[in-house]
Amino acid sequence: MSRPAVEVADIFRHRGPAWRASYAGHVSLGQLKVMSAIERCRTVALGGHVERCEDCAHLRISYNSCRNRHCPKCQAIAAKEWLADRQAELLPVPYFHVVFTLPGPIADIAYHNKAVVYDLLLKVAAETLITIAADPKHLGARIGLTAVLHTWGSALTHHPHVHIIVPGGGVSFDGQHWIACRPRFLLAVPVLSRLFRRLFLESLNAAYQAGRLQFFADQAALAQPAAFQTFLAALRKVEWVVYAKRPFGGPDAVLAYLSRYTHRTAIANSRLVAFAGERVTFKWKDYRAKGDARYKLMTLDANEFIRRFLIHVLPDGFHRIRHYGLFANANRANNIALARRLLAVPDPTPSSRASDHAENGRDDDDWNACPCCGGRMIIVEAFEPGCQPRFWPVPSIGLDSS
């Protein structure tokens with residue numbers, strides 16, 4: 001795989017030290033850890049190994065990856081393994097994609113209360129779908145769903161929303177039937193939107209009453225109960241955005257879609273166009289425009305680019321991919337087996353997922369092929385973090401920092 005012309009790591013290495021000095025005291029430990037991991041990823045700082053071709057003796061050095069979930073270079077293998085596990089769980093039914101988005105004023109509260117508000121967003125969005133689906137007037141079934149939290153817009157702005165993938169149907173409450181939704185229609189979006197709004201505002205108010213929210217700067221006044229209740233009252237009068245996309249073409253299309261969403265980071269290296277030391281240019285999508293006009297370039301000061309990237313660092317231990325309803329972890333296997341039985345489809349053939357991967361997270365088929373002759377590459381040396389290998393390619397080609 002060729003190295004992108006510009007990487008987030010390049011920007012962090014070049015501007016990171018000065019940025020950290022300028023914002024000392026205003027950067028969380030989690031954000032500092034992410035910066036350090038990305039800067040060190042696939043460098044001698046993390047160690048690595050040397051491979052040699054069995055046929056032509058070509059040498060290649062591979063440095064270890066940081067495996068941080070915010071690193072744009074470290075998500076491919078995690079996504080591949082996650083999708084392999086999910087493939088066996090797909091049902092032969094239509095799947096729907098529903099997006100729940102927080103209004104701007106609540107996104108502003110989430111900025112300083114990420115763990116609390118992001119958790120509410122995931123849980124309330126799932127509860128909304130499960131509650132409406134259970135109503136006999138709509139579906140009258142127990143459904144399962146997979147939810148993925150994203151916190152960014154295309155321009156790296158703070159835009160918390162959750163993508164949910166839902167099978168088009170569910171198990172009857174007596175466990176005896178599979179109840180399918182209407183063709184190309186899952187649940188009424190206006191009904192989802194209103195219930196989502198009510199449940200979320202109730203949950204947010206409960207968090208406030210429990211003292212779980214903090215307010216700073218322009219939001220400091222919301223610490224006063226009367227001001228906060230006025231704030232909630234205004235949000236009850238606006239429409240909340242819930243968007244349901246048309247169903248996928250089939251289970252394979254669901255997997256292809258999930259592969260683009262589950263382990264995505266705030267920005268991929270492939271979107272970076274240029275970095276001249278002071279300014280960063282990247283590709284973004286303006287959803288207000290139509291057709292090709294929505295694809296644009298944006299240039300930011302490097303400090304602002306770093307700030308926007310770090311907005312999206314999640315709290316330690318926060319799970320951004322969650323399963324609810326029939327797919328909740330505790331009973332997922334049994335519920336999926338029941339759904340397959342009710343749909344009269346056989347259990348899937350177990351897939352053999354490669355258990356051994358190079359520590360740098362490359363796909364084995366690509367990683368073991370010699371770039372010179374196609375022969376098999378074998379590991380001849382492993383070296384510790386901060387150490388140099390004894391074997392060096394001559395001439396020095398094939399250094400991997402991609």
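Computed from heavy atoms alone, side chains included, the values below leave out hydrogens, waters and symmetry copies.
Counted within 6.0 Å of CZ on Arg15, heavy atoms from surrounding residues, nucleotides or ligands total more than 12; the atom is thus considered enclosed. Surrounding CD of Gln388 are more than 12 heavy atoms belonging to other residues, nucleotides or ligands, all under 6.0 Å away. Within a 6.0 Å radius of NE2 in His112, more than 12 heavy atoms belonging to other residues, nucleotides or ligands are found. Heavy atoms from other residues, nucleotides or ligands lying under 6.0 Å from CG of Asn329 number more than 12. Within a 6.0 Å sphere centred on CG of Asp292, heavy atoms belonging to other residues, nucleotides or ligands number 12 at most. Around atom CZ of Arg212, no more than 12 heavy atoms belonging to other residues, nucleotides or ligands sit under 6.0 Å away. Heavy-atom contacts from other residues, nucleotides or ligands closer than 6.0 Å to CZ of Arg182 number 12 or fewer.
The closest donor-acceptor contact from the side chain of Arg308 to the backbone of Ala155 lies under 3.5 Å.
Between Ser154 and Lys285, the shortest heavy-atom contact is OG-N, 2.7 Å. In this structure, Phe327 and His323 approach most closely via the heavy-atom pair O-CB, 2.9 Å. When all heavy atoms are compared, the tightest approach of Gly170 to Leu139 is N-CD2, 4.4 Å. Between His161 and Trp152, the shortest heavy-atom distance links the atoms CE1-O, 3.3 Å. Asp55 and Gly375 make their closest contact through OD2-CA, 3.4 Å (heavy atoms, listed as atom of the first residue, atom of the second, distance).
Expressed to the nearest 0.5 Å, how far CD1 of Ile179 lies from CZ of Phe173 amounts to 8.0 Å.
Side chains of Lys33 and Gln31 form no contact here, defined as non-hydrogen atoms less than 4.5 Å apart. At a threshold of 4.5 Å between non-hydrogen side-chain atoms, the residues Val273 and Lys283 count as touching. Looking at Tyr324 and Leu122, their side chains come closer than 4.5 Å, going by heavy atoms from C-beta outward. Two residues are said to be in side-chain contact when any heavy atoms from C-beta on lie closer than 4.5 Å; Gln219 and Leu222 meet this criterion. Looking only at side-chain heavy atoms (C-beta outward), Cys372 and Cys53 stay at 4.5 Å or farther from each other. Side-chain contact check for Leu121 versus Pro160: some heavy-atom pair is nearer than 4.5 Å. The shortest distance between side-chain heavy atoms of Leu297 and Trp284 does not fall below 4.5 Å. Looking at heavy atoms from C-beta onward, Leu314 lies out of side-chain contact with His312 at the 4.5 angstrom threshold.
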Start with the C-alpha distance between Glu39 and Arg13, add both sets of side-chain angles, then the distance that settles salt bridge (Lys or Arg N to Asp or Glu O under 4.0 Å), and finish with yes or no. CA-CA 6 Å; Glu39 289 172 17; Arg13 290 171 191 144; over 6 Å; no

Assess the residue pair Asp119 and Arg322 against the criterion (salt bridge (Lys or Arg N to Asp or Glu O under 4.0 Å)); give the C-alpha distance rounded to whole Å, side-chain angles, the decisive distance to 0.1 Å, and a yes or no. CA-CA 10 Å; Asp119 183 64; Arg322 303 186 186 183; 2.7 Å; yes

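The distance between the ring centers of His163 and Phe100 does not fall below 6.0 angstrom.
In this structure, Arg279 forms no cation-pi arrangement with Phe282, as its terminal cationic atom is not both closer than 6.0 Å to the ring centre and no more than 45° off the ring axis.
Using the six-membered ring where Trp is involved, His158 and Tyr111 have ring planes that are perpendicular, over 60° apart on the 30 and 60° scheme.
Each of Leu195, Leu192, Leu201, Thr101 was evaluated against Trp240; a single residue qualifies, Leu201, per the side-chain contact (heavy atoms from CB on, under 4.5 Å) test.
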